[in-house]
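One structure below.
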Amino acid sequence: MRGVKVVCIGILLISCLVAVSTAFYVPGVAPQDFADGDSVSIKSVKMASSKRPKLPYPYYYLPFCRPSSMHHKHENLGEVLRGDRITNTPYELVMNKNISCRLLCRGKDYLEKGYTKDEISKFESFIRAEYRVHWILDNLPVATRVEFEGTNKYIRGYPVGFVDYTHGVHLFNHVTIVGKIHPSLDGTTHRIVGFEVRARSVSVDRYVGNVGSEDDMSCKIKPVSDSVGGLVLKSDEMNTERKFPIIWSYSVQWERSDVAWASRWDTFLSSEDPQIHWFSIINSLVTVLFLSGIMAFIIVRALRRDIAKYNEQDKEEALEQTGWKLVHGDVFRAPRRGFWLAVLYGTGVQLLCVFSASIILAMLGMLSPASRGSLVTAGILLFVFFGLIGGYYGARLYKTLQGEKWKRAAFTTATFLPSVIFGISFILNFFIWGRKSSGAVPFTTMIMLVLLWFFISLPLVYVGYFFGYRKNPYEHPVRTKRLVRPIPKQVWYMHPILSTLLAGTLPFGAVFIELFFILNAIWDNQYYYLFGFLFLVFIILLLSCAEIAVVM
């Protein structure tokens with residue numbers, strides 16, 4: 001009971017620390033009011049695609065129009081690891097003021113400068129890979145409205161362009177920015193509750209007026225005709241000397257909305273088909289019931305057979321132990337690799353605390369998707385601080401297994417799993433660096449993670465081992481015999497490798513549906529928000545792991 005109390009108190013303290021650390025800026029808690037005429041800024045986040053290799057890129061990796069001065073926002077740890085690179089854009093918005101057409105990238109002899117063949121080819125490759133642009137307006141992500149089966153659905157981001165197999169690759173060079181506003185409580189200001197972009201492809205010939213003027217930023221666009229239409233990119237017909245002209249423009253529309261500010265994220269967080277998640281839970285419950293039936297069958301069969309044999313024997317013959325009583329004196333014998341068992345046990349306790357605290361904090365709304373990167377940041381910080389609890393329980397088991405080199409065990413516990421993850425990530429990061437993707441972790445961020453690892457996590461694990469090793473070892477319910485009973489040769493399916501694969505298959509089958517949604521949200525830059533379902537599946541996972549441990 002004391003051990004359970006220690007875990008509960010540790011989870012509570014770390015949860016409070018994370019809650020305090022993220023309480024300075026939690027989007028969704030403090031709304032921002034805009035009066036008529038106030039400037040509203042659009043910030044770029046990244047470009048991402050759902051097609052392979054699904055690498056994010058900075059917005060200005062493509063030669064879009066740049067502002068006169070670039071300002072980069074300082075991202076948190078989670079945003080950096082997600083590949084977000086938040087910068088300002090040249091789009092100028094004024095609250096509640098519509099703009100019919102406005103030019104970007106203007107200047108003297110602008111059209112004559114144009115874009116090179118390599119730049120046009122880069123646009124084409126991103127359009128064919130179905131990359132989407134991600135912006136934010138008042139911390140609200142941009143969305144594109146599409147009609148599906150008679151209903152309007154919103155997809156994050158807007159495409160760079162589209163492929164028309166009749167005419168070629170079209171570039172979206174004109175965007176209509178739709179800001180949806182809701183009146184604030186006093187009625188004199190507005191709150192942004194929606195951000196939508198309607199992209200269009202407009203050829204240069206459809207623009208009316210002097211688009212090269214440095215002073216006149218207004219523009220007009222002629223309707224589509226048989227002679228002029230969208231902006232079609234044809235890099236294969238260009239040479240190194242020819243420049244391809246592109247005109248960038250935008251429109252702004254402000255629309256009144258009945259959606260309250262507190263419900264503005266419902267567009268992204270509403271569940272389209274919750275039945276699949278209920279199916280996931282039912283599937284997990286069936287797996288648990290299956291394991292429960294196997295466990296009950298094995299235990300009842302073994303006990304019934306042994307008890308019947310004991311009843312049939314005489315008292316003198318009953319003195320000789322048979323059945324499961326033959327091994328009760330060897331069950332708690334220290335294994336040959338007790339050192340690694342203690343290391344993995346401590347790491348497992350640490351991960352269990354991290355997942356439990358993260359899910360609880362997310363269910364309480366402290367890790368809302370509105371706060372970008374908060375879930376990843378909280379997970380890393382929780383793993384660092386929960387090294388104290390993992391070291392404590394790893395030391396208790398290590399002392400029970402009669403281990404003596406607790407300092408070495410503490411160092412291995414603190415470095416084994418992080419070393420594996422850091423090593424694999426470091427190697428993969430070189431390939432991502434080579435692709436110039438924003439998903440590559442910057443060198444300074446890697447240094448910061450190493451400092452967190454060696455100067456916070458490692459000392460906390462040592463502290464946990466120090467106090468845990470001073471405690472009394474776990475008491476076994478039976479005494480271990482001095483003579484080691486030889487283990488008979490096992491059948492082929494009891495080989496450790498096969499047993500490990502079998503032991504992991506059933507728990508994985510209990511959570512694979514929900515795991516699919518989590519990984520899909522990570523790779524497709526979507527939001528995962530069904531933490532209630534995830535909590536139920538997590539409880540079922542713990543039950544299935546406990547039962548498979550008994551069965552195996």
Side-chain angles (χ1 to χ4, degrees), residues 25-46 48 59 73 84 86 88-102 132-159 172 174-200 221 249-274 365 367-372 374 521 525-530:
Y25 176 66
V26 181
V29 176
Q32 184 176 0
D33 297 333
F34 297 90
D36 290 343
D38 287 350
S39 177
V40 183
S41 61
I42 292 179
K43 297 179 180 179
S44 63
V45 180
K46 61 183 174 182
Y59 174 67
K73 175 184 174 295
D84 296 351
I86 302 176
N88 60 325
T89 61
Y91 295 89
E92 300 175 359
L93 278 69
V94 178
M95 173 54 66
N96 213 12
K97 180 181 178 181
N98 294 336
I99 299 176
S100 59
C101 185
R102 193 181 186 93
R132 303 181 69 87
V133 175
H134 292 269
W135 288 344
I136 54 175
L137 177 69
D138 187 32
N139 196 52
L140 196 64
V142 64
T144 304
R145 183 177 59 183
V146 295
E147 292 186 5
F148 180 74
E149 297 181 353
T151 60
N152 292 328
K153 296 185 180 297
Y154 290 87
I155 304 175
R156 286 191 62 199
Y158 73 90
F172 286 140
H174 178 87
V175 293
T176 300
I177 301 170
V178 181
K180 300 182 179 181
I181 54 178
H182 186 81
S184 59
L185 297 178
D186 56 8
T188 60
T189 56
H190 312 278
R191 294 176 179 176
I192 298 175
V193 296
F195 181 26
E196 180 183 340
V197 163
R198 302 163 188 169
R200 297 165 58 188
I221 300 177
S249 59
Y250 68 100
S251 305
V252 179
Q253 296 180 8
W254 295 101
E255 298 179 356
R256 297 279 180 172
S257 176
D258 296 330
V259 177
W261 187 89
S263 304
R264 67 176 188 165
W265 278 88
D266 292 353
T267 301
F268 304 97
L269 305 184
S270 58
S271 178
E272 298 181 357
D273 189 10
L367 302 178
S368 170
S371 180
R372 295 179 307 278
S374 60
N525 294 282
Q526 302 297 326
Y527 293 114
Y528 184 85
Y529 50 89
L530 301 174

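The first residue of the sequence shown is numbered 1, and numbering continues consecutively from there.
- Leu137 and Ile192 get closest at one heavy-atom pair: CG-CD1, 4.0 Å.
- Arg102 meets the salt bridge (Lys or Arg N to Asp or Glu O under 4.0 Å) test with Glu92; sequence neighbours excluded.
- Scored by the salt bridge (Lys or Arg N to Asp or Glu O under 4.0 Å) test, Arg191 finds Asp33 as partners (sequence neighbours excluded).
- Arg198 pairs by the side-chain hydrogen bond (donor to acceptor under 3.5 Å, both in side chains) definition with Glu196, not counting sequence neighbours.
- Minimum heavy-atom separation, Pro159 to Thr144: CD-OG1, 4.3 Å.
- When side chains are defined from C-beta on, Ile42 counts as touching Leu93, because their heavy atoms get closer than 4.5 Å.
- Between atom CG of residue Asp138 and atom CH2 of residue Trp261 there is a gap of 7.5 Å, rounded to the nearest 0.5 Å.
- Tyr59 OH to Asn88 CG: the interatomic distance, rounded to the nearest 0.5 Å, is 11.0 Å.
- By the side chain to side chain contact (heavy atoms under 4.5 Å, CB included) test, Pro141 pairs with Arg156, Trp265, Phe268, Tyr527, sequence neighbours left out.
- The side chain to side chain contact (heavy atoms under 4.5 Å, CB included) test applied to Ala262 returns no partner, not counting sequence neighbours.
- The ring pair (Phe, Tyr, Trp, His ring centres under 6.0 Å) check on Phe172 picks up Phe162, with sequence neighbours excluded.
- Here Thr188 pairs with Asp186 under the side-chain hydrogen bond (donor to acceptor under 3.5 Å, both in side chains) rule; sequence neighbours left out.
- Listed by chain and residue number, Thr87 satisfy the side-chain hydrogen bond (donor to acceptor under 3.5 Å, both in side chains) test with Ser44 (two or more places apart in sequence, or in another chain).
- In plain terms, the two heavy atoms of Arg372 and Ile136 that are nearest each other are NH2-CD1, 3.9 Å.
- Atom OH of Tyr250 and atom CD1 of Ile99 lie 4.5 Å apart (nearest 0.5 Å).
- For Gly157 against Arg132, the heavy-atom pair with the smallest separation is O-NH2, 2.7 Å.
- Within the 4.5 Å cutoff, the side chain of Trp135 has heavy atoms near those of the Val175 side chain.
- Shown here are the side-chain hydrogen bond (donor to acceptor under 3.5 Å, both in side chains) partners of Ser251, two or more places apart in sequence or in another chain: His174.
- Every residue two or more places apart in sequence or in another chain was checked for a ring pair (Phe, Tyr, Trp, His ring centres under 6.0 Å) with Phe195, and none qualifies.
- At distances below 3.5 Å, not a single donor-acceptor pair connects side-chain atoms of Ser249 with backbone N or O atoms of Cys101.
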Report the C-alpha distance between Asn139 and Gln32 in whole Å, list the side-chain angles of each, state the deciding distance to 0.1 Å, and finish with yes or no for side chain to side chain contact (heavy atoms under 4.5 Å, CB included). CA-CA 10 Å; Asn139 196 52; Gln32 184 176 0; over 6 Å; no
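- For the pair Thr189 (side chain) and Ser184 (backbone), a donor-acceptor distance under 3.5 Å is absent.
- Partners of Asn96 under the side chain to side chain contact (heavy atoms under 4.5 Å, CB included) rule, at least two apart in sequence or in another chain, are Asp36, Ile181, His190, Trp254, Arg256.
- With rounding to the nearest 0.5 Å, the separation of CD1 in Ile177 from OH in Tyr158 is 8.0 Å.
- For Ser257, the side chain to side chain contact (heavy atoms under 4.5 Å, CB included) partners two or more places apart in sequence, or in a different chain, are Lys180, Val193, Val259.
- In terms of heavy atoms, Val252 sits closest to Lys97 at CG1-O, 4.0 Å.
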